[in-house]
Each structure stands twice: as structure tokens, then as C-alpha cells.
Amino acid sequence: MTSDPPLSDAVDDTAADIATMEIRGAATIAAAAADAVAAQARETASETDDPAAFERAMRRAGRRLYDTRPTAVSLPNALRYTLGRMEGDDVETLHDSVLAATTAFTDRLDRAQNDLGRVGANRLRDGDTVMTHCHSTDALSCVEHAVEQGKDISAIVKETRPRNQGHITATQLRDLGVDVTLIVDSAARRYLDEADHVLVGADSIAADGGVVNKIGTSGLAVNARERGVPIMVAAQTIKLHPDTLTGHTVEIEMRDEAEVIEADAREAIGDITVDNPAFDVTPPRYVDAIVTESGQFPPESIVTLMRELFGESADRPWEEPDATTADATGPTA
Ligand SMILES: O=P(O)(O)OC[C@H]1O[C@H](OP(=O)(O)O)[C@H](O)[C@@H]1O
């Protein structure tokens, strides 16, 4: 028996970059995964004429990408879209089907973000101030469209410890001509009195409308509700988590303690536990609107859209066809 075609370097590199967060942000991760799937298809088609070997190589690539970070559902949804459309009885047809799917997926991502941005911008008025958390390309699309509509928007940007993605948000908003104030995370409540909206993205949205986003989002939402500031979540529909339709919860990624505390300080403190959860869940009652490319939804009704898009259950095309799907989902928290 000849050996299977190898994993593409593009897949390996992309997976490593997602794990280390060189590539980050739910939509960006999805786009990178689709590109890596396309690279695997191209390389494998030039190495084998065995359709079964081609399909095995594609599934292996999918698993390598899937295993990188557990929380943002845009990654498995990208694999569902691209590998789920793989079809054909020969390598050429299989290759062409994957390439058509990856191209369609990437186009769809761009269009969805643009359409969502237009919807979100309608919620922003001239002179409004938004408070942001972390860095979300979906959320920024709303501000970008508002600015294009001629609205004057200001932003209070939380730095978002431990990785300070707020710095990326601050830079990109500044480049859009937005007046930006950067604050430490713990100053958020004080500055909410100056904000007209909290505007965040999402890594996953559960069937009950719970929003899984960067750690600190839920506390911000509770404070915003107490201050009467509406909370708007910008999330294209690849952020809808189909496994939650069947009762699974979303796994919250725990990252390395080195992101939280430098080695010297860690050593000086000694025997303590350092936890670094990357995400939290904001209950639907604290969210005013989820803005998608299909319009805005109250969180409680997002399940209708989820059923329309995914049916009652989600495929796992990166697994071997005979693998058990029910227990393989594995979310834990
Ligand atoms: O898809 P877009 O809107 O760009 O980003 C969505 C979310 O991805 C980020 O996670 P991380 O920085 O990858 O851990 C943030 O939590 C952000 O809200």
C-alpha cells in the first residue's frame, strides 16, 4: 500500500499560527482555514490520483486545523462549509469541488461582514460614542459604515488584557478618523456614562442567544445594563454554534499563564495558580441586539436563524465517515 499524501505545510503553518494567535479573530481564523484547505487540495491533487487518499488527506487537514483553538465556531463552520462540499468520484472533481467551496466561502465572509456593517451602522447616530472590548472585524465594520454614512463617531477602547487586542482596535478606529480614548479594562464602568453603545464581536453564539466573546465581555455587559447603555453584538452567521442546538455547551479556551504574568514575576510570587480563560459567556438577557448579515435579532430569537442555516444537527466532515458524531463534539464548559 502506498503512503498517504502528506499534510500541506500551509495547513501546518496556519494551524500553528492560529494556536499562537499570530492569526486571530474569529472571521480571520475562518478565512485562513479556508485558504489552508484550498492549499491542501491543490497539493494533494498533484500527489495522488486515488480519490480515497485525497479525501483522507483533506480530512486530516481539517482535523489539524480544528484542533487548534476550541471556542470560535467560525473555524469548524469554515471546515463544514468547505469540506462538506467535497464531492466527486475522481481526484480532479474532488479538487475542483473543494476549490469552488473555499472561493465561495471567502467571498461570502467578505460580503457578510459588509452587509452586517451596514445593519450595525443604522443603530449608530451622528455624535455617538461606542465602547469596545477586544478587536472584532465585525464590530469595526459597523463603525466603518457609520463613518461612511457621514456620522461622527467616538470610541472608548478597552485595552483587553492579557493580549491587549484593544491596541489593534484603537489603531484601526483612529485610521477611520474616529476620536479614540484608550482605557484600562478596570476603568470601563467609570467611562460607561460617556458611552451610547457597547459594541463587541463574538466568537460563538449559542442557541439560547448567549454570546461567547473575549473574557471580560460579560462583566462589561452587566455594568452597561446597570448604566442603561445598550449592548450590541456584531456577529456574522458563521459565529452561530450549531452544536448548541443539541444541548452541547461551548468549550472555553484556557490559555497559557505566560500571557498573564511574566516569568520573573511568576517566580517571585511562587506557589499560586494562574488561570487564563480566553472567553466568557454573556447571558442573552444582557444583550440588546445581535447584528448579522441577515439583519438584527434579539438574542432570544437567534435560534430560528440557526435552525434555518444548520438544520437540527451539525456535520463534522473532518472526521472519518464511520466516526461517532454524538460524543465526538466534546465541549466541556
Ligand atoms: O471575527 P471578528 O469579529 O474579527 O472577531 C471576533 C472575536 O475574536 C476575538 O477573539 P481572539 O482575539 O481570536 O481570541 C475576539 O473575542 C473578537 O470579539
Side-chain angles (χ1 to χ4, degrees), residues 14-34 65 68-78 81 105-106 108-117 119-121 130-145 155 157-173 176 185 188 197-206 210-221 231-241 250-256 259-260 276-282 287 290-293:
T14 302
D17 285 350
I18 292 172
T20 58
M21 293 179 66
E22 287 299 310
I23 295 173
R24 54 145 295 279
T28 308
I29 288 170
L65 293 161
T68 51
R69 293 186 75 192
T71 304
V73 74
S74 51
L75 174 54
N77 281 347
Y81 192 99
F105 180 77
T106 311
R108 215 182 123 130
L109 268 183
D110 291 344
R111 237 180 309 121
Q113 193 161 82
N114 201 34
D115 292 349
L116 160 166
V119 177
V130 297
M131 181 177 286
T132 66
H133 185 59
C134 200
H135 170 255
S136 157
T137 54
D138 282 351
L140 284 184
S141 177
C142 302
V143 178
E144 187 174 358
H145 279 83
V157 173
K158 294 179 69 203
E159 62 178 353
T160 318
R161 279 272 292 149
R163 296 187 67 105
N164 292 324
Q165 290 100 322
H167 295 187
I168 309 170
T169 302
T171 309
Q172 294 185 353
L173 286 173
L176 289 175
D185 295 312
H197 310 262
V198 165
L199 172 59
V200 294
D203 293 82
S204 281
I205 294 185
V211 173
V212 185
N213 193 47
K214 185 57 52 195
I215 188 80
T217 305
S218 63
L220 174 62
I231 299 122
M232 163 178 171
V233 175
Q236 47 183 301
T237 53
I238 54 158
K239 316 286 178 66
L240 302 182
H241 205 309
V250 179
E251 180 177 350
I252 300 295
E253 177 182 10
M254 300 298 289
R255 293 192 61 83
D256 199 278
E259 291 182 344
V260 175
N276 184 17
F279 302 101
D280 63 21
V281 184
T282 302
V287 175
I290 299 177
V291 171
T292 77
E293 71 274 23

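Nothing here was measured: the structure is a model prediction, and the numbers come from that model. Remember, it's 1-based here, ligands and their atoms both numbered in the order they're listed.
- Nearest approach of A26 to A72, heavy atoms of both residues: CB-CB, 4.1 Å.
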_Set out, in order, the CA-CA distance, both residues' side-chain angles and the distance that settles salt bridge (charged side-chain N to carboxylate O under 4.0 Å, His left out) for D203 and R69, then state yes or no._
CA-CA 11 Å; D203 293 82; R69 293 186 75 192; 5.8 Å; no
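- For the pair H135 and ligand 1, a heavy-atom separation below 4.0 Å is found.
- Protein heavy atom in closest approach to atom 14 (O) of ligand 1: K214 NZ, 2.6 Å.
- With hydrogens left out, the protein atom closest to atom 6 (C) of ligand 1 is A202 O, 3.4 Å, a heavy atom.
- At a 4.0 Å heavy-atom cut-off, ligand 1 touches C134 through the side chain alone.
- Taking the side chain as every heavy atom from C-beta outward, L116 and C142 approach each other to under 4.5 Å.
- Nearest protein heavy-atom contact of atom 4 (O) of ligand 1 is T137 OG1, 2.6 Å.
- In summary, the atoms of ligand 1 found under 4.0 Å from a heavy atom of D203, numbered by their order in the structure, are 7 (C), 8 (O), 9 (C), 10 (O), 15 (C), 16 (O), 17 (C).
- In this structure, A278 does not count as a contact residue of ligand 1, since none of its heavy atoms falls inside 4.0 Å of the ligand.
- A salt bridge does not link E293 with R111: none of the charged nitrogens is closer than 4.0 Å to a carboxylate oxygen.
- The shortest side-chain heavy-atom distance between N213 and V233 does not fall under the 4.5 Å cut-off.
- Close approach to A27 involves these atoms of ligand 1, each under 4.0 Å from a residue heavy atom: 1 (O), 2 (P).
- Only one option out of K214, R24, Q165 pairs with H135 in a side chain to side chain donor-acceptor pair (under 3.5 Å); it is R24.
- Ligand 1 has no atom lying under 4.0 Å from any heavy atom of A30.
- Counting non-hydrogen atoms of other residues, nucleotides and ligands closer than 6.0 Å to CZ of R108 gives a total of 12 or fewer.
- Side-chain atoms of H167 and T160, non-hydrogen and from C-beta on, never get closer than 4.5 Å to each other.
- Using a 4.5 Å heavy-atom cutoff, the side chains of V291 and M232 are in contact.
- Nearest heavy atoms, A170 versus V157: N-CG1, 4.1 Å.
- Residue-ligand proximity, F279 to ligand 1, at heavy-atom distances under 4.0 Å covers atoms 10 (O), 14 (O), 16 (O).
- Taking every non-hydrogen atom of R24 and a distance limit under 4.0 Å, the qualifying atoms of ligand 1 come out as 9 (C), 11 (P), 12 (O), 13 (O).
- Short contacts between ligand 1 and K239, defined as distances under 4.0 Å to a heavy atom of the residue, involve ligand atoms 1 (O), 2 (P), 3 (O).
- Near A26, the atoms of ligand 1 lying under 4.0 angstrom from a non-hydrogen atom of the residue are 1 (O), 2 (P), 5 (O), 6 (C), 8 (O).
- Checking only distances, G25 does come within under 3.5 Å of ligand 1, N or O to N or O.
- Between N213 and ligand 1 there is a heavy-atom distance shorter than 4.0 Å.
- The shell of residues lying under 4.0 angstrom from ligand 1, judged by heavy atoms, includes R69.
- Proximity of M21 to ligand 1, defined as any heavy-atom pair under 4.0 Å, is confined to the side chain (atoms from C-beta onward).
- Of all the listed residues (S136, A234, A31, A139), S136 holds the heavy atom that lies closest to atom 3 (O) of ligand 1.
- Side chains of K239 and V212 form no contact here, defined as non-hydrogen atoms less than 4.5 Å apart.
- Within the 4.0 Å heavy-atom criterion, neither part of A235 lies near ligand 1.
- Residues R255 and R163 have side chains in contact (heavy-atom distance under 4.5 Å, counting atoms from C-beta outward).
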